[in-house]
Protein chains: 2
Amino acid sequence: MSDRKEFRDLADPERAREVVASLDLSAGSERVALEDARGRVLAERVDAALDVPGFDRAAMDGYAVRAPDTYGASEARRASTASGGTASDAEPVTLPVVGSVHAGETPGVALDEGEAAEISTGAVMPEGADAVVIVERTEELTAPSGGEGADGEESDETDRRVRIETAVTPGENVMLAGADIAAGERALGPGTELTPREIGLLSALGVDEVPVRATPRVAIVSTGDELVRPGEDLDHRAGQIHDVNSYAVATAVEEAGGEPVVYPHVGDDTDAMEETLLDAAADCDLVLTSGSTSASAVDVVYRVIEDQGELLLHGVAIKPGKPMIVGRIGGDPGAGSDAGDGNDGAAYVGLPGYPVSALTIFRTFVAPAIRSSAGIPEPRTARVDGRMAVTERTEEGRRRLLAVGLVEDEAGETLVYPVDKGSGATTTLTAADGVVDVPADTNRLSAGEKVTVDLFSPDVRPPTLLGVGEDDPALSRLLDRLERPRYLARGSRGGLRELRDGLPDVAVVAGPFDADEEGIADAAELGGWSREWGLVVPDGNPEGVTGLADLVDRELSFVNRGTESGLRTSLSNALADLADGRGVDRRTVTESISGFDRAARAFESPARSVAAGDADAGLGLRATAAKLGLGFVPVGSQPVRVLANPDRLETASVRELDGLLADASPVLDGLDGFDRR
Amino acid sequence: MSDRKEFRDLADPERAREVVASLDLSAGSERVALEDARGRVLAERVDAALDVPGFDRAAMDGYAVRAPDTYGASEARRASTASGGTASDAEPVTLPVVGSVHAGETPGVALDEGEAAEISTGAVMPEGADAVVIVERTEELTAPSGGEGADGEESDETDRRVRIETAVTPGENVMLAGADIAAGERALGPGTELTPREIGLLSALGVDEVPVRATPRVAIVSTGDELVRPGEDLDHRAGQIHDVNSYAVATAVEEAGGEPVVYPHVGDDTDAMEETLLDAAADCDLVLTSGSTSASAVDVVYRVIEDQGELLLHGVAIKPGKPMIVGRIGGDPGAGSDAGDGNDGAAYVGLPGYPVSALTIFRTFVAPAIRSSAGIPEPRTARVDGRMAVTERTEEGRRRLLAVGLVEDEAGETLVYPVDKGSGATTTLTAADGVVDVPADTNRLSAGEKVTVDLFSPDVRPPTLLGVGEDDPALSRLLDRLERPRYLARGSRGGLRELRDGLPDVAVVAGPFDADEEGIADAAELGGWSREWGLVVPDGNPEGVTGLADLVDRELSFVNRGTESGLRTSLSNALADLADGRGVDRRTVTESISGFDRAARAFESPARSVAAGDADAGLGLRATAAKLGLGFVPVGSQPVRVLANPDRLETASVRELDGLLADASPVLDGLDGFDRR
């Protein structure tokens, strides 16, 4: 253990941010096709290279005229009708129609004084014309043929005349060449993010390729002998786990505007790791490692950085995320990093191995640097003010980014609760909505204290409904019908406790309980169902288990649920009855069961132990046995109740849930042993 | 004109929204690889199929022990040092170290009572162990070899012992199998958007392919004989313009979560258009057309919808966007749209041809339907409150989405000004930040009136600096150095007028002016430069033009600038001097110039007319002549002044601009005829 690196001088987070910002991730610029330019950022100014429109263009359907020919024209007929005959001497003007011009064709006519031409929106103004009278203010006095006659020839148009009912000024209803934007004008500045609107303007300018800031290439190297790609099987005995960081960090890199390059993960083999790191540094602008915390992995990174790069920072005073490393790696030592050639090395950040820590460090320190390089502005900070729902103690001396979930009370106030399933839990990632930034000199956030939550992104929407309690397959289906619910499977006891403390909108409780004793006498029961429980045994019940007595009397290995579970409550009650019937102490009964204390956390776990051949019987549901193709020995049936927080009855999601529970049949359908109550 | 469609019964916008929402765009679901899943939305619930972790896992580096063996251990030495020797009988416990377990390997040891094993974070807990003592609370009393001895064999470890300085409870620093998430538990619900955090959890679960809502395929068919793809040359005489809507709408479709399929644009040929529309309907979930407003194009769309689909709505009472069409197109008439087979037709929306209108209708009515189909939640509405900077009259009877720009005054209040360069202007797209939704019964927004602006997207950031005035190449470079400036090139007269009315942060004025007369005596001059102006002539000056007198006395065709331009002011002054010298009326002089009234809007336009052979001389800058490779006949030099709004001197961007102007040299460098003042 002598060579394990320690972190005696942790850098201040501000200092760490500066060091990362000082890394040169700049990837230069590139040209991309317009259709691939969405979300990219202009590397240089784009000036208009042509006039838009490129010609004087009719802006409306109507008749092209010389404006002075219409002076004095007015809607005499209509005006006199409306006002009962005013003494206006203005009258409509009638002009011969000498031709038609449509969009996309070269005008075949030119106007002399006193002439008009039919014109379509977007068409080129014919020579001599300087204004358009809109069609609604005209009346053709001869039926225009406009197309072909019966003999397939253009019909004679010499007889066409149009009555003009309004005067127009020169340029009216005409967009002059260059009026939108003219050649030489500044169209878009450097740093402009390209949305549909900018893409539209660039299209109008005829630009089909744009100079944009290059996307920084970010290498992602996960290390550790224990990592296995998702989709591949794990050897649990050998401690294998799926590689979480490669995909999660790659996705975060994309989100920040970088191009992730995921390298095959490397084990703790020194040569392979060094080779991968140097390859990555040659090919990318930034190399991220994460994963193994083994001393040898860290040593290799150190050696490569020290031999062929520069170590800038090791360890940051933040939790989670302490073991962050920042430096430069690879490239020609001594060569400037701005050389711009193929191999000038790369910036390096070593992320912690735990996913929550890795993503926290990424979000806090690395993403801003990637965005800056890609030219993407920092997203608006999305913050929510709320109050701590519980008291949370934190370790003094290190700034902490406390992962929290949010729930809104009926008054619209936000309650904030810590989400911490322990170091290394990946479910913390999805059970939290943001973080509370707890300063290093704070060691306690008290229940009721005002806090500000930094949401993980501006798009994060806190759940509409927070439930806590028993896990149950019908409940899972019920949750599927709600928009953005969050459910914490902490067992029936957990649900009762949290409901008493007022945190969740609903608690789900399986089995019997005493509402007064639990301090939830005010809770409203929205509805529920019943479920059959018992002993899950191997398919065909090879041991011929007939009931609980067999567990007590025979040498059968059993897997129980934890004491938080409502199933466990019903089992304990049934065993108490058994003991009473035998006239023995309850403890005598439970101590006779091999595995009574082997308490699995989740509702399918005992059954899965049976399926894996690790136990003869497990506490579980008939539905679970059916799902996993196992045998089942029924013991009883228990109610599952959905209880609402009395202070949240009027929230939209509780009302919606109440409506769904009016008839639970749809979610029970096909679940063996489930029934309406 | 008899067959032009009119819009007598415009639908209410709310009704239009309902009709679009009633279209079935649902594209079903598909499975995508985890690495392609970012931003996608789960189509169904994902339950854990395995325990995470899959084994009891050391959560810290240290020593695996049986917890009871540590009971009573404490940091006696440290405690006594700190407290001056308390009477605690607790003391460290010393245990033999029987082996080591690293992450990713099967433990080679099992613990008996009173034994310890070195263990790394992430390693499998050896059999018999139930807790980990962290390394910081231990001390190895013998140097561990840990690796290989000189002879390449594992050295003898029988002598290893560790001093344990703290007691641990069963399970301490251990993550039990399934403690993160257990097989059978609900991991993520349907409708969950996949961010890096969800991707992380899915990785941990070993999922490498996820069921997601399919992306609706959206056909984009631009119609019109006049359209030419960006990148291709235009024939201005034939009224050709670049196809703006194809790329702009495609980008907007992507942004809304759809997959755009851009079809080659079709002209007004009936058969080709019908074929394209039916192909698109067979291949896509939604067909969008936009472009030609020609009667024949509209007729074809009508006929295809009426013969082979259903017309649901035509015309909506909104501006811009009136001529919107909604219906269904293609497919087997009478067949249900939910058949799910290859060709069940498609929803259809006809967008107006003008880009501003097309994107407005898309954003207002179509994007929500695409997002809904893709399962993507509506973005947070991003709104800004402000006051109208000017009075804007609007047409009563139609709801109007008035495109506006924003500028902040020194007090942080937002001023709102309309952006309208006329129907069909594409620059409106980028010069506006959002829209004011003006109800149908409102015909006027008064200056000073409070309004709410719906930003085009939550990511829109209003410009940091608003400038109005003369266009100028040095100014363009100056603007490049600012973050998100907006500049309205309305000429020096426009700049003076707007500055007097208090709208912009700065005005840029070329040529002479009288500050008192202009009502801007309080404006602060931040800096500026001088620029040489004169007559731009063809390369080599073939006509031998020597000065303004030649324009008056010879038969030369000239292109002027508009009266808003500061160049025009200087020209007029010079011609006035010429007239005075000759003792004639100024008008006599200007009327002798062929093209004096040919006023181009933009600063390079006259020179470009010369380059195109359309004129013998144009008003312009020496720098422009040099850039375009033309000849130049100098006439004079004029100042360009950057004037600040006296009420905005303390805004960050004005201060930054002031700093940049302290030395204008960098932006003048290489511009012929530009100089510091």
Side-chain angles (χ1 to χ4, degrees), chain A residues 34 38 45 54-55 59 103-104 106 120-124 175 178 180-186 189-190 196-201 203-204 206-208 225-226 230-231 234 236-239 242 244 247-248 251-252 254 293-294 355 423-427 429-430 476 479-480 601-602 604-605 608, chain B residues 34 38 45 54-55 59 103-104 106 120-124 175 178 180-186 189-190 196-201 203-204 206-208 225-226 230-231 234 236-239 242 244 247-248 251-252 254 293-294 355 422-423 425-427 429-430 476 479-480 601-602 604-605 608:
Chain A
L34 192 63
R38 180 172 79 92
R45 184 176 77 228
F55 51 92
T106 307
S120 309
T121 304
V124 179
M175 183 177 250
D180 190 352
I181 187 166
E185 284 197 288
R186 189 177 194 268
R197 293 171 292 120
E198 285 77 22
I199 300 284
L201 178 56
S203 297
V207 172
D208 64 345
D225 285 329
E226 74 275 30
L234 298 180
H236 294 315
R237 286 162 198 274
H242 284 116
V244 171
Y247 289 132
T251 308
E254 273 186 348
T293 53
S294 75
S423 294
T426 51
T427 43
L429 294 170
T430 54
S476 282
L479 293 171
D480 290 352
R601 202 182 63 74
E604 284 188 5
S605 304
R608 287 176 180 262
Chain B
L34 192 64
R38 179 173 78 94
R45 185 177 76 228
F55 51 91
T106 308
S120 310
T121 304
V124 180
M175 183 176 252
D180 190 351
I181 187 166
E185 283 197 289
R186 188 177 195 270
R197 294 172 291 121
E198 285 77 22
I199 301 283
L201 178 56
S203 298
V207 172
D208 63 344
D225 285 329
E226 74 275 30
L234 297 181
H236 294 316
R237 286 161 197 275
H242 284 115
V244 171
Y247 288 132
T251 308
E254 272 186 349
T293 54
S294 74
S423 295
T426 52
T427 43
L429 294 169
T430 54
S476 282
L479 294 170
D480 290 351
R601 203 182 63 73
E604 283 188 6
S605 303
R608 286 175 181 264

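Throughout, a chain's letter reflects where its sequence line sits, starting with A, and its residues are numbered from 1.
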Original post:
Side chain, backbone, both or neither: which part of Ala123(B) has a heavy atom under 4.5 Å from chain A?
Top reply: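 Contact with chain A: none, neither part.
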Looking at [options], which one has more heavy-atom pairs under 4.5 Å with chain A than the rest?
{"options": "Thr427(B), Ile181(B), Val207(B)", "answer": "Thr427(B)"}
{"options": "Glu604(B), Glu185(B), Arg197(B)", "answer": "Arg197(B)"}
{"options": "Ala182(B), Ala204(B), Pro355(B)", "answer": "Ala204(B)"}

Original post:
With side chains defined as the heavy atoms from C-beta onward, is the minimum distance between His242(A) and Leu234(A) less than 4.5 Å?
Top reply: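 The answer is yes, as the side chains (C-beta and beyond) meet within the 4.5 Å cut-off.
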**OP:** Could you tell me whether the side chain of Arg186(B) reaches within less than 4.5 Å of the side chain of Asp480(A), counting heavy atoms only?
**Re:**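 Asp480(A) vs Arg186(B): side chains touch.
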Original post:
Between Arg237(A) and Val124(B), which heavy-atom pair has the shortest distance, and what is it?
Top reply: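 The answer is O-CG2, 3.5 Å.
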**OP:** Compare every heavy atom of Ala248(B) with every heavy atom of Gly200(A), then report the nearest pair and how far apart it is.
**Re:**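 Heavy-atom minimum between the residues: CA-CB, 3.7 Å.
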Out of [options], return the one with the most heavy atom pairs under 4.5 angstrom to chain B.
{"options": "Thr430(A), Leu429(A), Asp180(A), Asp208(A)", "value": "Asp180(A)"}
{"options": "Ala103(A), Ser605(A), Gly122(A)", "value": "Ala103(A)"}
{"options": "Gly104(A), Ala602(A), Gly231(A), Pro230(A)", "value": "Pro230(A)"}
{"options": "Gly189(A), Ser476(A), Pro190(A)", "value": "Ser476(A)"}

Original post:
Side chain, backbone, both or neither: which part of Leu34(A) has an atom under 4.5 Å from a heavy atom of chain B?
Top reply: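 Side chain only.
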